[in-house]
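Note: hydrogens, waters and symmetry copies are ignored here, and every other heavy atom, side chains too, is used.
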Amino acid sequence: MKLVIFDCDGTLVDSQHGIVDSMSRALANEGFSPLPRDRILSVVGLSLSLAVQRLLPEAEPVVVERVVDGYRQAFTELRQNKNISEPLYEGIKGLVSKLRGQDDVLLGVATGKSIRGVKRLFDQQDWHATFVTMQTADTNASKPHPEMIEKAMAEAGVDAVDTVMIGDTTFDIEMAQNANVRGIGVAWGYHPVDHLRNAGAHSIVDDSHGLSEAIDSFLGQRR
C-alpha cells in the first residue's frame with residue numbers, strides 16, 4: 001500500500017480570507033497594528049499558538065494566548081455569519097476521488113487546522129470514509145516536526161518509502177524531510193515557489209493536473 005498525505009489550508013482548500021480576517025480582528029482587539037496579508041499567510045500551517053508567536057515575537061505568553069483565543073472567536077463569528085468561504089481548489093475534488101478509487105492507495109491529512117475544522121470540511125465534501133488518517137496540531141507537535149506524518153504512517157500501516165506528503169508551505173516540505181518521506185510542493189498556496197524549492201521539495205506542481213501526474217509518477221516508482 002501507498003500513503004498520500006495532504007495538507008489542508010492552501011493545498012486542498014483556499015481558506016486564506018477567513019484566516020486573514022480572523023487574525024486581523026484578533027490582533028486589532030489587542031491593540032496591534034495591522035499586519036500585511038502575506039505576513040499572516042506565511043505562518044499558515046503552524047499550530048495556532050506557534051503561528052501567533054511568529055507574528056508577535058516580542059509579545060508576552062499571556063498576550064499570545066489572548067490573540068489565539070481572539071482568533072478562534074473571530075473565526076467562529078465569521079462562520080456563523082456566513083462570511084467565510086473555504087472552496088476546494090480547482091481539480092482537487094476529482095483528484096481525491098480518483099485516488100480513492102485506487103486499491104493500493106490510502107489517503108491522509110496532516111494539517112495545522114483544528115480537528116473541528118477538518119471534520120467540518122469532511123462533512124461538506126463527504127470525505128469521512130475517504131481519508132484513513134487525520135492528523136492535526138490539536139493532538140500532535142506542530143509542523144515541521146515529523147510527528148503528524150509518523151502517526152499517519154503508523155495508523156495506515158505504511159512505511160516511509162511508500163509515503164508522500166503534499167503541501168503548499170515550507171513547513172510541509174520540512175516535515176516531509178524530517179519524516180524521511182517524499183515531499184511535493186503545490187504552487188497555488190501560501191508560500192512562494194522558490195521557498196518550497198529551497199526547503200527541499202522533490203517536485204513542485206502548478207495545478208491539479210500536474211499534481212495528479214506527480215502522484216502517479218511516485219506510485220509508479222513504488223509499484
Measuring from atom [atom1] of [X] to atom [atom2] of [Y], what distance do you get when rounded to the nearest 0.5 angstrom?
X	Y	atom1	atom2	result
I92	Q125	CD1	CD	10.5 Å
L121	D126	CG	CG	11.5 Å
I173	L196	CD1	CG	5.5 Å
S208	E90	OG	CD	6.5 Å
I184	H202	CD1	NE2	9.5 Å
L27	S33	CG	OG	9.5 Å

State, with a plain yes or no, whether a side-chain heavy atom of [X] is found less than 4.5 Å away from one of [Y].
X	Y	result
R100	L95	no
E174	K143	no
L107	V105	yes
I5	V109	no
T11	Y89	no
M175	I149	yes
T76	Y71	no
I215	L211	yes

Report yes or no: does [X] contribute a side-chain atom to a donor-acceptor pair with the main-chain N or O of [Y] at less than 3.5 Å?
X	Y	result
S217	E213	no
N178	P144	yes
E86	V13	no
T163	D159	yes

Tell me whether [X] at atom [atom1] has more than 12 heavy atoms from other residues, nucleotides or ligands lying less than 6.0 Å away.
X	atom1	result
E77	CD	yes
D194	CG	yes
R116	CZ	no

Are [X] and [Y] close enough that a side-chain donor and a side-chain acceptor fall under 3.5 Å?
X	Y	answer
H128	D123	yes
Q135	E155	yes
S114	D138	no

For L3 and V164: C-alpha separation, side-chain torsions, deciding distance, then whether side-chain contact (heavy atoms from CB on, under 4.5 Å) applies. CA-CA 6 Å; L3 177 61; V164 62; over 6 Å; no

Search all heavy atoms of [X] against all heavy atoms of [Y] and return the closest pair with its distance.
X	Y	result
V132	A156	CG2-CB, 4.3 Å
T111	C8	OG1-CB, 3.4 Å
A176	G183	CB-CA, 3.9 Å
T136	M148	C-CE, 3.8 Å
H145	E147	ND1-N, 3.0 Å
S142	L50	OG-CD2, 3.6 Å

Apply side-chain contact (heavy atoms from CB on, under 4.5 Å) to residues M165 and R182 and explain how you reach the verdict. CA-CA 6 Å; M165 175 70 205; R182 180 175 292 271; over 6 Å; no

Salt bridge (Lys or Arg N to Asp or Glu O under 4.0 Å) between E30 and R25, worked out: CA-CA 9 Å; E30 292 300 321; R25 292 187 183 198; over 6 Å; no

Got a salt bridge between [X] and [Y], using NZ or NE/NH1/NH2 to carboxylate O under 4.0 Å?
X	Y	answer
K2	D162	no
D7	K113	no
D21	R37	no
R66	E60	no

Using the rule that two of Ile, Leu, Val, Met, Phe, Trp, Tyr join whenever any of their side-chain heavy atoms come within less than 4.5 Å, decide whether V63 and V43 are in one cluster. yes

Do L219 and M1 sit in the same hydrophobic cluster, where Ile, Leu, Val, Met, Phe, Trp and Tyr count as joined when their side-chain heavy atoms come under 4.5 Å apart? no

If a pair satisfies ring pair (Phe, Tyr, Trp, His ring centres under 6.0 Å) and one of its residues is in residues 162-183, list it, with sequence neighbours excluded. F171-H191

I need the single residue from D168, V193, D14, V205 that forms a side chain to side chain contact (heavy atoms under 4.5 Å, CB included) with W188. Which is it? V205

Report the C-alpha separation of L55 and M23 in whole Å, then their side-chain angles, then the decisive distance to 0.1 Å, and conclude whether the side-chain contact (heavy atoms from CB on, under 4.5 Å) test is met. CA-CA 10 Å; L55 293 176; M23 187 61 73; 3.9 Å; yes

Classify the ring geometry between W127 and F122 as parallel (under 30°), tilted (30 to 60°) or perpendicular (over 60°). perpendicular

Please walk me through it: do L46 and Q53 pass side-chain contact (heavy atoms from CB on, under 4.5 Å)? CA-CA 10 Å; L46 297 173; Q53 290 173 29; over 6 Å; no

Excluding sequence neighbours, so at least two apart, what forms side chain to side chain donor-acceptor pair (under 3.5 Å) with K119? none

